[in-house]
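First the proteins, then the strands, lettered A, B, ... as listed; each starts at 1. The basis for the numbers below is simple: all heavy atoms, side chains too, and nothing from hydrogens, waters or symmetry mates.
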Protein chains: 2
Amino acid sequence: MEAVQDLPPGTAPGLRTKSQLQRRRRILQAAAALASRGGVEAMQMRTVAERAGVALGTLYRYFPSKMDLVVAVVGEELDMLESSIARRPPAAATPDGRAVDVLMRATRGLMREPELADALIRALILADVELPFGDRMAGLLVRVAGLSDGRATEEQAVLAASLGAVWVQELLEMLRGRRTYEDIQRRIEIAASRLLAEFPASRVE
Amino acid sequence: MEAVQDLPPGTAPGLRTKSQLQRRRRILQAAAALASRGGVEAMQMRTVAERAGVALGTLYRYFPSKMDLVVAVVGEELDMLESSIARRPPAAATPDGRAVDVLMRATRGLMREPELADALIRALILADVELPFGDRMAGLLVRVAGLSDGRATEEQAVLAASLGAVWVQELLEMLRGRRTYEDIQRRIEIAASRLLAEFPASRVE
DNA sequence: ACACTTACTAGAATCCGTTCTAACTTCGGT
DNA sequence: ACCGAAGTTAGAACGGATTCTAGTAAGTGT
C-alpha cells in the first residue's frame, strides 16, 4: 500500500488510448458499485476485475493496490463535492457558518452510500496517502470560509485542518452508529464556532 | 473485526484461573514486543501465538481478531498514561495548557515506539471499537482541563473530543513522516487555545 | 475418584490481497 | 504489411488472517 497515481492514471499523463481511459472508468465504476453495498469486503479485487471486465493483472496495473483504488474512488467523490460547491456556494454569513455548510453537505452526500463512505474513509485514514484527503478538505474549508482573504496564515490552515479532523472523526462515529446526522451537525457547529469564528467580529456562542 | 472484550477478557469477569491471566499477559506482552519493532506486519497472529507459547486457536479464543488484540494493547498503554498523569498531574495554569501538556506527554510516549504507535493508532481508527479510544481520551482531557468543575456541559465534552480528534490526526501525520514533534506541539497548541480557552478569562492568543 | 464440561494444542483448510507466468493483442514506427 | 515494445488475459501460486477439526489436558460438581 503506497503509490498514489499510477502508470496509466486518470486525467494525468500515461493514458494512451481511449480504451484505456474507458477501462479505468469501468474499473472505478465497478469498484464504487461494489463498495456501495457490502463495503470494503464486498469490493474484492477479483470481483472488481471481473465486474469491470478486465483481468486481475490488469486491474493491478491500473491500481497497484486496493488502497490505490480506494483513493481514486474517493478522489472522484471529492471532485463531485467541489463542483457541487462551485455550483452552489455556501451562503452563510460567517466563516464558521460556511464551513459547517460545506461539511454537512459532504456528510449528506456520504450518508447516501454509507457502506461506500465507511469503506472509503477508513481506507483513507489508513493509507499512506500522498494526496491527502485531509489536506484537500482543509484547503476547501479555508477557501470556503473565506479566511484566506489575502493572507492565509499558518494559524488559519491549522484551524481548518483541525475542523477537518473533527469532521472525519464524527463521520467515523456516525458510521459506527454512534451519531445521528443531527448529532454531527450540532457537534460540528460547536467545534467550528470555536475554531473558525473571527473573534473580534462575529461570536456565535 | 468487531468484538471488543471477549470471553476470557482482562480484568473483567471470565478469567477463571491464574494460568489464564498469565496466558493473557504473555500474549499481550508478545504482541507489544513484536509490534514495537516491525509494526503491524511483524505482529502476525501465528508469531504472537508462538512467542506467547499458546496455540493459534487459543490466541483467537482470547482475542477473536487481530484488532481485538491491538485494542487490548492500546488499553494497556492508556492505563499507563493515566497513571502517569495521576502521578504527575499537568501543572499549566490554563485548561488548554493542561490539555496540551497531557497530549504532548502521550505523544512522547508513543514516539518511543513509533512502529507500535503506528500499528495501534491505525488499528484503532479501523476498529468498531466499543471501548472507544476517543471517548476515553476525551474524558481524560475533560478531567485534566478541569473543565468539569461541577458542570460538565455537553459543549465541553464536544470540545474535548474535538481536541482529541485533532491530536489523533496529527499523530497519524507524524507517523506518515509529515510532522515533527515540534509541528504537532505548535498545531495542538493552536487548536487547544481555540477549543479550550475560557474566553472571559485567560486568552492565550 | 468419576464423569463431564470447558480450555488448549497441533495442524489442516479457507479466504482474499498480491505476485508471477506464459501466451495473446494492440499499437506505433517503418 | 511487418516487427518489437507495451498492454492484456487466464490462471496458478504465495502469504497472512481467520476458521475448522480431532484429539488431549484441566477444572468442577458429586
- Query: Do B:Gln185 and B:Glu189 have a side chain donor and acceptor closer than 3.5 Å?
  - Reply: yes
- Could you check A:Gly57 against A:Ser19 and say which one's nearest nucleotide on DNA chain C is further toward the 5' end? A:Gly57
Expressed in angstrom and rounded to an integer, what is the separation of [X] atom [atom1] from [N] atom [atom2]?
X       : N      : atom1 : atom2 : answer
A:Lys66 : C:dC15 : NZ    : C1'   : 12 Å
A:Tyr60 : D:dC14 : OH    : P     : 17 Å
B:Leu59 : C:dA10 : CG    : P     : 13 Å
B:Phe63 : C:dC8  : CZ    : C1'   : 16 Å
A:Leu34 : C:dC16 : CG    : P     : 13 Å
A:Gln22 : D:dG7  : CD    : P     : 18 Å
A:Asp68 : C:dT18 : CG    : C1'   : 12 Å
B:Arg61 : D:dA26 : CZ    : P     : 15 Å

Distance from [X] atom [atom1] to [Y] atom [atom2], nearest 0.5 Å?
X        : Y        : atom1 : atom2 : result
A:Lys66  : A:Met43  : NZ    : CE    : 6.0 Å
A:Thr107 : A:Ile184 : OG1   : CD1   : 5.5 Å
A:Gln29  : A:Arg51  : CD    : CZ    : 9.0 Å
B:Thr17  : B:Arg23  : OG1   : CZ    : 6.5 Å
B:Arg194 : B:Leu159 : CZ    : CG    : 13.0 Å

- Task: Please determine if a side-chain N or O atom of B:Thr58 lies less than 4.0 Å away from the OP1 or OP2 oxygen of C:dT9.
- Result: yes
- Item | Close approaches to DNA chain D from residues 44-56 of chain A, in residue order (heavy atom, under 4.0 Å) | A:Arg46, A:Gly53, A:Val54, A:Ala55
- Message: Using the side-chain heavy atoms of A:Gln20, tell me which of these nucleotides is nearest: D:dT19, C:dC8, D:dG7.
- Response: D:dG7
- Item | Side-chain touch A:Phe63/A:Leu28, heavy atoms, less than 4.5 angstrom | yes
